[in-house]
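Here is the naming used below: chain letters follow the sequence lines, and residue numbers restart at 1 for every chain. Since the model is a prediction, treat every value here as computed from it, not as a measurement.
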Amino acid sequence: MPVKTRFAPSPTGYLHIGGVRTALFSWLYARRHGGSFVLRIEDTDRERSTAASIQAILDGMAWVGLDYDEGPILQSDRFPRYAALAEEMLARGTAYRCYCSREELEAMRAQQVARGENPRYDGRCRERKTAVAGVSPVIRLRSPRAGTVVVHDLVRGDVSFNNADLDDVILMRSDGVPTYHFGVVVDDADMGITHVIRGDDHLTNTPRHIHIQQALGVSVPTYAHLPMILGADGGRLSKRHGAVNVLEYRDRGYFPDALLNYLVRLGWAHGDQELFSREEMIELFDLAAVNTAASRFDPDKLRWLNQQYMLVRDRRQLAGEFAAYMAHRGQPQEAGSALEKVVDAYRERAATLEEMMQASHYVFNDFNEFDEKSAKQHLKQSALPVLTGVLQGLQALATWEREPIHAVLQAVAADLGLGFGKVGQPLRVAVTGGAVSPPIDITLEVIGRERVLRRLQMAQAFAQARVS
RNA sequence: GCUCCCUUCGUCUAGCGGUUAGGACGCAGCCCUCUCAAGGCUGAAACGCGGGUUCGAUUCCCGCAGGGAGCGCCA
């Protein structure tokens, strides 16, 4: 039987980073085994589900490039199917109508907790023969009360549960909408899902799902429960640990491949290897090698990984991505030099496109003030002959390229009997406004003749004013 | 409270009875160097605790402690 996996988020918000990891592992498993991957939207919670969330999920999936062979399938399109199955179960006696009010159930649970028991439905409507007037009932599963269920989990091994600890789960709400438990089971069966790969938080739901499958007479899929991703402090991953919305990583200038590479190493490893292309992930991924312990999200490592991708990116592609990113951020981008040269100059100094934009700010934007500390240190009297000499040399330059620029600087340094550092720093402050930039000759090339000459004059005036 | 899961450097992890417990991020130092990076080298840093089993436990078993999840007409 060919492998078929699915990712089944509920559209109650953006696509979460933890969700992407779950989707990735399901996708990898399907791709690894030449199977198919389904995207299913679990929108049975009609109050919280929104069209905007569905769109956010689709956008997120598209951005990270996790393609699906079927879907998006909406559960809300399938309501008649669940209702029909529930009726069949009623007829067969594997399910029954429950007329208990929410208040009644709440009181029941409160009493059980007070007695130190596991709060659960006590089955009081199991044998009820008559309807209660004016009450629209829910439909509950008549689940076994004795014996055990065992979940054969690909990452945990066998996990067994006592049926006595489980209660009769609600299949259909009183308004005729299926619950999550019924929806997943029916859909996984109808769609022929062979492997259910999902978060660890569903492990204790699995015995209930198996009961439903048995009542339905469908086969039990293979389960694999993935460890959770926690925040840096070990708590549930949330906004305060950095971005949890995938699209925020796009907006911060991360590469989707780097994000996926980071995520695949959370709970999975292949020896000491850190860098995995998509193809390698697919080739090497194995559920048996998935860890059992939860892991913590480390933004620093993601950042490092992103730079590793930045470093080896094709220059033309990177330039295109950088241009698109700047446009996305509303950054004007007439540079003095080609964008390819800019990205080559800054890729070593930026882990993300956002950082690249910040680091190369002066290439695209004019300024009228120098960084105070840098100016104080480098734009002083001793810098005047340097600025003057360089200005003259550059004005006379025929081709504005790194090598001839470098030759000019070298000549000025030699003329003045200065080390290169005494030339580079004042220049750097003059043309960038600060003390940090790529090698000065490259910096000048990339900023462009017009801006460089203008800034040199500005710096000259600045230093002159300080002297007098 | 009850049920289930988990436990190797700060973090991600390798390990699958005998290792100087390896790698990566981060951190520190050095080298390179016109600044900052990138890169190279070096360093500090871990088997939660207690019992077993065994000639020998990080590794297998049992407790404990600590963490996490579930116990909804949410998913």
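Using a 4.0 Å heavy-atom cutoff across all strands shown, A:E42 reaches sugar-phosphate atoms only and no base atom. A:P227 comes within 4.0 angstrom of nothing in the nucleic acid, heavy atoms only. Within the nucleic acid shown, A:S160 comes within 4.0 Å of sugar-phosphate atoms alone, with no base atom in reach, counting heavy atoms only. Residue A:P438 is in base contact, counting any heavy-atom pair closer than 4.0 Å across all strands shown. Counting non-hydrogen atoms under 4.0 angstrom, A:L302 reaches nothing in the nucleic acid. Residue A:S374 is out of contact with every strand shown, counting any heavy-atom pair closer than 4.0 Å. Across all strands, A:S295 comes closer than 4.0 Å only to sugar-phosphate atoms, never to a base (heavy-atom distances). Here A:G419 lies out of heavy-atom contact (under 4.0 Å) with every strand. Among the atoms of the strands shown, base atoms are found under 4.0 Å from some heavy atom of A:A435. Base engagement by A:I440 is indicated by at least one non-hydrogen atom pair under 4.0 Å involving a base atom. Backbone-only engagement by A:R156 is indicated by non-hydrogen atom pairs under 4.0 Å involving sugar-phosphate atoms exclusively.
Nucleotide B:rU59: unpaired (no Watson-Crick or G-U wobble partner with both distances less than 3.5 Å). Base-pair partner of B:rC36: not found among the strands shown (Watson-Crick or G-U wobble, both distances under 3.5 Å). Of all nucleotides present, only B:rC71 satisfies the Watson-Crick or G-U wobble test against B:rG1, with each distance under 3.5 Å. Base-pair partner of B:rU54: not found among the strands shown (Watson-Crick or G-U wobble, both distances under 3.5 Å). Applying the Watson-Crick and G-U wobble criteria (two distances, each under 3.5 Å), B:rC64 pairs with B:rG48. With a 3.5 Å ceiling on both atom-pair distances, the Watson-Crick or G-U wobble partner of B:rA24 is B:rU11.
Under the 4.0 Å criterion applied to side-chain N and carboxylate O atoms, A:R208 and A:D167 are assigned as salt-bridge partners. A:D43 has no carboxylate O lying under 4.0 Å from a charged side-chain N of A:R46, or vice versa, which leaves the two without a salt bridge. With respect to the salt-bridge test (charged N to carboxylate O, under 4.0 angstrom), the residues A:D187 and A:R81 do not qualify.
Rounded to whole Å, the separation between the C1' atoms of B:rG43 and B:rC6 comes to 33 Å. Taking atom C1' on both nucleotides, B:rU8 is separated from B:rU59 by 11 Å, rounded to a whole Å. On the C1' atoms, B:rC9 is 10 Å away from B:rC47, given to the nearest whole Å. Taking atom P on both B:rG22 and B:rU42, the two are 13 Å apart, rounded to the nearest angstrom. Of the P atoms belonging to B:rG26 and B:rG66, the separation is 34 Å, rounded to the nearest Å. Comparing the same atom, C1', in B:rC64 and in B:rA28 gives a spacing of 38 Å after rounding to whole Å. If you take atom C1' in B:rU20 and the same atom in B:rU33, they sit 36 Å apart, rounded to whole Å. Comparing B:rC41 with B:rA46, their C1' atoms are spaced 24 Å from each other, to the whole Å.
Look at A:Q308 and you'll find a side-chain N or O under 4.0 angstrom from OP1 or OP2 of B:rG39. Phosphate contact (OP1/OP2 of B:rA38, side-chain N/O of A:Q307, threshold under 4.0 Å): present. Close to B:rA14, at under 4.0 Å from its OP1 or OP2, lies a side-chain N or O of A:N291.
Closest approach to the A:D298 side chain among B:rU35, B:rA75, B:rG10 is made by B:rG10 (side chain taken as heavy atoms from C-beta onward). Out of B:rA75, B:rG26, B:rA14, the shortest distance to the side chain of A:W304 is found at B:rG26. Distance from the side chain of A:V159 is smallest to B:rC5 among B:rC34, B:rC5, B:rC36. Listed candidates were B:rC34, B:rU35, B:rC12. Nearest to the side chain of A:R265 is B:rC12.
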- Just by protein heavy atoms under 4.0 Å, how would nucleotides 67-73 of chain B read 5' to 3' in B, S and -? -SSSBSB

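In this structure, the CE atom of A:M310 is 13 Å from the P atom of B:rG39, given to the nearest Å. A:Q425 has its CD atom 6 Å from the C1' atom of B:rC34, to the nearest Å. Look at CD1 on A:I17: it is 16 Å from P on B:rC12, rounded to the nearest Å. If you measure from atom CG of A:L416 to atom C1' of B:rC34, you get 15 Å, rounded to the nearest angstrom. Between A:F297 atom CZ and B:rG26 atom C1' there is a gap of 15 Å when expressed in whole angstrom units. The separation between A:R349 atom CZ and B:rG39 atom C1' is 12 Å, rounded to whole Å. Distance A:K422 NZ to B:rC34 P: 13 Å, rounded to the nearest Å. If you measure from atom OH of A:Y362 to atom C1' of B:rU35, you get 10 Å, rounded to the nearest angstrom.
More than 12 heavy-atom neighbours from other residues, nucleotides or ligands sit within 6.0 angstrom of CD on A:Q317.
For the pair A:R78 and A:D190, the minimum side-chain heavy-atom distance is below 4.5 Å. You'll find the side chain of A:I41 reaches within 4.5 Å of the side chain of A:I57, heavy atoms only. Side-chain atoms of A:H181 and A:L171, non-hydrogen and from C-beta on, never get closer than 4.5 Å to each other.
Ring to ring, A:F462 and A:F370 are close: their centroids are under 6.0 angstrom apart.
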- Message: What verdict does the side-chain hydrogen bond (donor to acceptor under 3.5 Å, both in side chains) test give for A:Y262 and A:N306, after you've listed the backbone C-alpha separation in whole Å, the side-chain angles of each residue and the deciding distance to 0.1 Å?
- Response: CA-CA 9 Å; A:Y262 176 69; A:N306 204 69; over 6 Å; no

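Side-chain atoms of A:E274 and base atoms of B:rG23 include a donor and an acceptor less than 3.5 Å apart.
Remark: A:R140 is positioned above the aromatic ring of A:Y121, its terminal NZ or CZ atom under 6.0 angstrom from the ring centre and at most 45 degrees off the axis.
Taking for each of A:T292 and A:D300 the nucleotide of RNA chain B with the nearest heavy atom, the 5'-most of the two is the partner of A:T292.
Using a 30° and 60° split on the angle between ring planes, A:Y249 and A:Y254 fall in the perpendicular class, above 60°.
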